[in-house]
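Quick notes on the structure that follows.
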Amino acid sequence: MADLDALRLRFARSLEAVRAPAGGPDPAPYADALLARWQEPQRHYHTVAHLTAVLDHVDVLRTYAADPDVVRLAAWFHDAVYLPERSENEERSARLAERALPEAGVPDGTTAEVARLVRLTVTHDPADDDRDGQVLCDADLAVLAAPPAAYAAYTAAVREEYHFVPNDAFRAGRAAVLRQLLALPRLFRTPHGRREWEATARYNLTGELEMLST
């Protein structure tokens with residue numbers, strides 16, 4: 001079970017780190033509003049547990065980031081809007097950040113950077129000099145390198161989110177996603193991701209693709 005109080009504290013720390021010197025309103029209502037979204041009933045993988053895992057992975061990768069707290073706020077917003085049957089979740093999540101963060105006291109430039117990072121999770125294809133983008137994308141994809149039982153739980157949760165898709169259509173769509181990922185020259189962009197996660201992630205993806213093909 002996720003520790004919601006710990007998450008609220010993590011959100012407050014990141015918000016206060018990036019706010020203008022004048023500060024802003026109490027972070028707690030903003031954290032609670034986001035946590036309510038992350039606990040919606042249609043979510044099975046994109047849950048508070050996923051949010052916590054991404055934040056934990058950002059912490060692992062923080063030395064590669066230009067501004068770790070901006071990346072952490074992007075992690076909070078990156079799946080804040082999530083409806084499995086809709087294709088514009090990242091864009092709607094970015095727009096949520098653009099509305100909420102200025103109200104919370106975040107400067108316009110920082111808000112724009114958080115929204116840019118959120119939109120980057122559509123492709124997970126950051127530029128070679130985009131340190132914050134590389135950290136967020138690697139943190140979001142780190143589940144691909146999970147141990148076998150955790151990877152199986154991840155794939156089962158994804159299937160549950162798409163329960164409304166018939167089996168044949170889901171298998172075809174999921175296989176297409178896996179082939180697209182495997183065709184990338186690199187899944188991970190940070191040195192840590194390439195060293196620690198790349199080989200295991202490719203092994204997991206290949207194994208899942210083989211299972212879908214049988």
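Here the structure is a predicted model, which is why all the values come from computation and not from measurement.
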A side-chain contact here means heavy atoms from C-beta on lying under 4.5 Å apart; do [X] and [Y] qualify?
{"X": "Cys137", "Y": "Leu120", "answer": "yes"}
{"X": "Leu101", "Y": "Thr110", "answer": "no"}
{"X": "Leu35", "Y": "Leu4", "answer": "yes"}
{"X": "Leu96", "Y": "Arg37", "answer": "yes"}
{"X": "Pro27", "Y": "Arg19", "answer": "yes"}
{"X": "Thr121", "Y": "Asp79", "answer": "no"}
{"X": "Arg95", "Y": "Val81", "answer": "no"}
{"X": "Glu85", "Y": "Gln42", "answer": "no"}

Work out which heavy atom in [X] is nearest to a heavy atom in [Y]; give both atom names and the distance.
{"X": "Val114", "Y": "Ala97", "result": "CG1-CB, 4.2 Å"}
{"X": "Asn204", "Y": "Ala146", "result": "ND2-O, 3.0 Å"}
{"X": "Ala94", "Y": "Val118", "result": "N-CG1, 3.6 Å"}
{"X": "Ala75", "Y": "Trp38", "result": "O-CZ2, 3.7 Å"}
{"X": "Ala74", "Y": "Leu136", "result": "CB-CD2, 3.9 Å"}
{"X": "Arg131", "Y": "Ala65", "result": "NH2-O, 3.1 Å"}

Next on the checklist: Tell me whether the count of non-hydrogen atoms from other residues, nucleotides or ligands lying under 6.0 Å of CG in Asp108 goes above 12.
Outcome noted: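 No - once you tally the heavy atoms of other residues, nucleotides and ligands closer than 6.0 Å, there are 12 at most.
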Checklist entry - Should the pair Arg171-Asp168 be classified as a salt bridge under the 4.0 Å nitrogen-to-oxygen rule? => result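 Looking at Arg171 and Asp168, the cut-off is not met.
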Next on the checklist: Can you tell me how far apart OG1 (Thr206) and CZ (Arg202) are? Round to the nearest 0.5 Å.
Outcome noted: 8.0 Å
Item to check | Nearest-0.5 Å distance that lies between atom CD in Glu208 and atom OG1 in Thr155 | outcome: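 Between Glu208 CD and Thr155 OG1, I get 5.5 Å after rounding to 0.5 Å.
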Using the test side-chain contact (heavy atoms from CB on, under 4.5 Å), find all partners of [X] that sit at least two apart in sequence or belong to another chain.
{"X": "Val143", "result": "Tyr45, Tyr154"}
{"X": "Ala175", "result": "Arg179, Leu209, Leu212"}
{"X": "Glu196", "result": "His192"}

Next on the checklist: List the residues meeting salt bridge (Lys or Arg N to Asp or Glu O under 4.0 Å) with Arg116, not counting sequence neighbours, and say none if there are none.
Outcome noted: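 Expected list: Glu113, Asp130.
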Checklist entry - Mind checking what makes salt bridge (Lys or Arg N to Asp or Glu O under 4.0 Å) contact with Arg119, not counting sequence neighbours? => result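 For Arg119, the residues satisfying salt bridge (Lys or Arg N to Asp or Glu O under 4.0 Å) (neighbours in sequence not counted) are Glu91, Glu98.
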[X] with [Y], same ILVMFWY side-chain cluster at under 4.5 Å:
{"X": "Leu83", "Y": "Phe164", "result": "no"}
{"X": "Leu9", "Y": "Tyr30", "result": "no"}
{"X": "Val122", "Y": "Leu117", "result": "no"}
{"X": "Leu141", "Y": "Val177", "result": "yes"}
{"X": "Leu178", "Y": "Met211", "result": "no"}

Side-chain donor-acceptor contacts of residues 180-188 below 3.5 Å, not counting sequence neighbours, with atom names and distances?
none

Checklist entry - Any salt bridge (Lys or Arg N to Asp or Glu O under 4.0 Å) pairs touching residues 156-167, not counting sequence neighbours? => result none
Next on the checklist: According to salt bridge (Lys or Arg N to Asp or Glu O under 4.0 Å), does anything in residues 51-63 pair up with another residue at least two apart or in another chain? List the pairs.
Outcome noted: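 Matches after skipping sequence neighbours: Arg10-Asp56, Arg10-Asp59, Asp59-Arg72.
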Checklist entry - Taking only residues at least two apart or on different chains, which pairs with a member in residues 132-143 satisfy side-chain hydrogen bond (donor to acceptor under 3.5 Å, both in side chains)? => result His50-Asp140, His78-Asp140, His124-Asp140, Asp138-Thr190
Checklist entry - Considering residues at least two apart in sequence or located in another chain, which fulfil the side-chain hydrogen bond (donor to acceptor under 3.5 Å, both in side chains) criterion with Ser14? => result Asp69
Item to check | Set of side-chain hydrogen bond (donor to acceptor under 3.5 Å, both in side chains) partners for Arg189, sequence neighbours left out | outcome: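 So Arg189 forms a side-chain hydrogen bond (donor to acceptor under 3.5 Å, both in side chains) with Asp125.
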Next on the checklist: I'd like to know if the side chain of Thr47 reaches the main chain of Arg43, judged simply by a donor and an acceptor atom lying under 3.5 Å from each other, with no hydrogens or angles considered.
Outcome noted: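 Side chain of Thr47 to backbone of Arg43, a donor-acceptor pair under 3.5 Å: no, none is there.
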Next on the checklist: Please verify the inter-ring angle class for Trp197 with His57; under 30° counts as parallel, over 60° as perpendicular, anything in between as tilted.
Outcome noted: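 Rings of Trp197 and His57: perpendicular, as their planes differ by over 60°.
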Item to check | Pairs touching residues 4-28 that satisfy ring pair (Phe, Tyr, Trp, His ring centres under 6.0 Å), sequence neighbours left out | outcome: Phe11-Trp76
